[in-house]
Amino acid sequence: MKSDAKKTTARVKGSTLVEMKGVKIEGYSDDKWHPIIKGINLTLKRGEVVGLIGESGAGKSTLGLAAMGYTKPGCRISGGSIHFDGKDLLAASREELRSLWGSRIAYVAQSASASFNPAHHLMDQVVESACNHGVMDREAAEKDARDLYKRLQLPNPDAIGERYPHQVSGGQLQRIMTAMAMSCRPDLIIFDEPTTALDVTTQVEVLAAMRRIVEEFDTAAIYITHDLAVVAQMAHRIMVLRYGNLVEENETRAMLKKPSQDYTKTLWAVRKLEKKESKGADIALSVQAVDASYSGMMKVLENVTVRLPRGRTVSVVGESGSGKSTLARAITGLLPISKGRIEFNGKVLPPRLQDRDRDTLRRIQMIYQSADTALNPRQTVRDIIGRPVEFYLSYTGAKKDRRIVELLEAIELTEDFIDRYPGELSGGQKQRISIARALAAEPELIICDEVTSALDQIVQEEILRLLMKLQKDNNLSYLFITHDIATVRAISDEIVVMYKGKVVQQGLKSEVLNPPYPPYTELLLSSVPQMDPDWLTKLLKSRAA
């Protein structure tokens with residue numbers, strides 16, 4: 001690496017790297033500028049990790065990006081100062097900023113699937129920054145990338161770089177993006193919900209790898225998340241944001257032990273929701289001994305059998321690559337099955353989506369994991385929700401507009417959002433629009449693929465309560481795919497545990513979540529982060545013993 005000497009001489013642990021004073025940021029919508037960040041100070045030292053938490057729309061990602069001297073289109077820094085290693089980023093030219101981005105400052109985005117070019121191999125994209133910035137030549141960069149893949153617990157690390165983005169799971173893609181960010185060994189990394197797409201078992205390994213690398217290279221990091229238990233494992237200090245203001249700031253242990261502000265206490269108290277399970281006999285969806293594979297290659301699903309009672313929620317859990325999302329694709333007809341049968345309302349579903357009639361399509365809807373890639377950035381909310389309203393229900397004109405407004409109200413957004421584009425929405429707001437789009441068809445079955453993973457804990461609870469209310473009011477059936485055990489406890493009637501394309505356990509929630517556990521279920525449950533800063537360290541030691 002060409003930069004080793006520079007890195008070791010420039011880095012003094014504990015010295016100030018980032019200093020933001022009185023930062024104000026505005027966003028443009030409805031023909032005027034609106035405040036997003038309202039005068040926040042942030043100081044970050046080398047080797048320190050600061051956690052930014054708060055509900056959706058608090059300004060976490062906006063503040064994190066500003067530490068790079070960057071704002072999203074439609075935003076501007078309207079006040080304050082931002083210095084990186086003594087350099088005034090607000091006075092820097094675009095060329096000067098570009099020389100820092102990817103080299104000394106790296107960003108790990110929330111949505112890995114929206115961050116990769118689908119036309120290029122993963123290795124080409126991972127080594128690009130290191131090669132372009134002259135940190136390493138191509139051969140050294142590829143060798144280093146494979147080493148990072150191993151550290152991040154990726155399968156087949158010597159060959160996975162030859163795949164395209166669509167050929168790996170969402171969790172694997174998130175880890176590859178983390179490797180890409182770390183390739184130049186930057187001074188500062190902005191982690192923006194980097195474990196959102198990961199199952200709990202993978203999350204443990206990724207958190208451990210990120211923490212090791214940050215400590216090894218005295219890298220400073222801003223860790224943005226809505227998961228309090230995760231930030232407890234990573235951050236030395238926590239900043240709580242709300243509506244663009246700093247609510248509270250303290251050392252992690254002190255903050256977890258005794259938050260001083262009422263809003264912070266509210267964040268600490270969420271996720272106590274738990275639905276009482278109910279067993280159902282009327283089967284709405286029956287998946288019977290199903291096999292499926294991509295391009296006729298290795299099986300992704302093998303002999304999978306799942307039954308979903310009408311008006312109930314069956315949660316499907318398992319680690320990244322276990323086949324959860326593939327099962328959803330098979331049910332919706334996006335991936336034709338090669339063996340077995342799938343019945344809905346007692347009738348066999350045609351394996352291919354294009355062979356299903358419009359009414360069948362209406363009755364089975366899906367909410368996708370990544371709202372960033374599921375919503376057309378060039379369409380307004382009116383168009384996104386209005387299309388299924390018109391297509392399935394034949395509503396037009398004023399009747400269609402009224403229905404769109406009703407759906408916005410159902411997901412707890414106002415009519416003011418109707419003419420906004422996805423780029424003007426927070427991650428949580430975009431996922432709510434995805435939910436409204438599915439509800440627009442007035443379905444009987446909704447397949448929810450990690451629909452709350454991008455939401456803060458307060459909004460997660462609101463959305464889960466909303467989904468349960470809609471289920472009760474409309475007798476909806478949910479197949480709920482998730483890696484979040486708290487969500488499973490909250491919403492499930494029954495649970496299906498998958499591993500390597502097979503069902504390893506299924507039953508009522510009370511049966512699956514209580515001991516004795518099969519070995520894989522025990523691994524899953526033991527990997528759920530706890531609100532204890534020492535939890536990850538203790539877990540890794542116990543597994544190494």
Side-chain angles (χ1 to χ4, degrees), residues 166-167 169-170 280-316 318 321-370 373-374 376 384-385 387-395 434-435 437-451 470-471 474-481 494 496 498 501-503 506:
H166 71 275
Q167 293 177 314
S169 71
D282 181 14
I283 303 302
L285 176 73
S286 177
V287 179
Q288 303 172 19
V290 160
D291 288 1
S293 61
Y294 289 106
S295 304
M297 299 172 67
M298 185 176 66
K299 288 180 182 177
V300 186
L301 298 178
E302 185 174 354
N303 197 33
V304 171
T305 295
V306 174
R307 285 156 49 99
L308 172 56
R310 192 175 313 281
R312 304 296 188 271
T313 300
V314 172
S315 291
V316 183
S322 64
K324 305 185 302 295
S325 294
T326 302
L327 174 61
R329 291 173 61 84
I331 293 168
T332 56
L334 293 172
L335 177 67
I337 62 176
S338 56
K339 182 182 176 183
R341 55 195 279 158
I342 301 174
E343 295 181 359
F344 179 64
N345 289 338
K347 297 181 180 179
V348 177
L349 289 174
R352 300 193 314 159
L353 177 71
Q354 52 266 48
D355 294 332
R356 299 181 184 180
D357 60 49
R358 182 176 299 191
D359 191 56
T360 299
L361 296 176
R362 180 189 68 78
R363 293 171 188 268
I364 302 176
Q365 292 291 308
M366 185 166 177
I367 305 169
Y368 295 92
Q369 178 177 356
S370 174
T373 54
N376 188 329
I384 291 168
I385 301 177
R387 186 169 185 270
V389 170
E390 185 171 344
F391 181 78
Y392 290 115
L393 306 180
S394 300
Y395 290 1
S434 294
I435 292 170
R437 180 173 60 181
L439 293 173
E442 299 184 0
E444 296 176 17
L445 165 64
I446 298 180
I447 300 173
C448 304
D449 190 357
E450 301 280 11
V451 298
L470 291 166
Q471 182 176 56
N474 302 286
N475 201 32
L476 289 170
S477 306
Y478 294 142
L479 188 72
F480 211 98
I481 297 166
E494 299 183 24
V496 173
M498 294 190 68
K502 298 180 180 180
V503 173
Q506 56 184 315

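For clarity, every value in this text was computed on a predicted model and none was experimentally measured. Atom set for the values below is all heavy atoms of this structure, side chains included, hydrogens, waters and symmetry mates excluded.
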Kindly write out the residues that satisfy side chain to side chain contact (heavy atoms under 4.5 Å, CB included) with Y368, not counting sequence neighbours, or none if the list is empty. L334, M366, A374
What residues form a side-chain hydrogen bond (donor to acceptor under 3.5 Å, both in side chains) with R363, not counting sequence neighbours? D359, E444
First locate atom CG of N345, then atom CD1 of I283, and finally report the distance between them rounded to the nearest 0.5 Å. 11.5 Å
When rounded to the nearest 0.5 angstrom, what distance separates CG in D355 from OG1 in T360? 11.0 Å
Residues passing the side-chain hydrogen bond (donor to acceptor under 3.5 Å, both in side chains) test with S322, sequence neighbours excluded, are none
CZ/F344 to CD1/I331 distance, rounded to the nearest 0.5 angstrom? 10.5 Å
Distance-only check: which donor-acceptor pairs under 3.5 Å involve side-chain atoms of residues 474-481, not counting sequence neighbours?
from	atom 1	to	atom 2	distance (Å)
N474	ND2	L470	O	3.0
S477	OG	G311	N	2.9
Y478	OH	L467	O	2.6

Those residues at least two apart in sequence (or on a different chain) that pass salt bridge (Lys or Arg N to Asp or Glu O under 4.0 Å) with R387 are none
Roughly how far apart are R437 CZ and I385 CD1, rounded to 0.5 Å? 9.0 Å
If you take all heavy atoms of E442 and R362, which pair is closest and at what distance? O-NH1, 2.6 Å
What's the spacing between I337 CD1 and S293 OG if we round to 0.5 Å? 11.5 Å
Might you confirm whether atom CZ of R307 has over 12 heavy atoms from other residues, nucleotides or ligands at distances under 6.0 Å? no
Closest non-hydrogen atom pair, T305 against Q506: O-NE2, 3.2 Å
What residues, two or more places apart in sequence or in another chain, satisfy side chain to side chain contact (heavy atoms under 4.5 Å, CB included) together with V300? Y294, T326
For the residue pair R352 and P336, what are the closest heavy atoms and their distance? CG-CG, 3.7 Å
OG1/T313 to CD/E494 distance, rounded to the nearest 0.5 angstrom? 10.0 Å
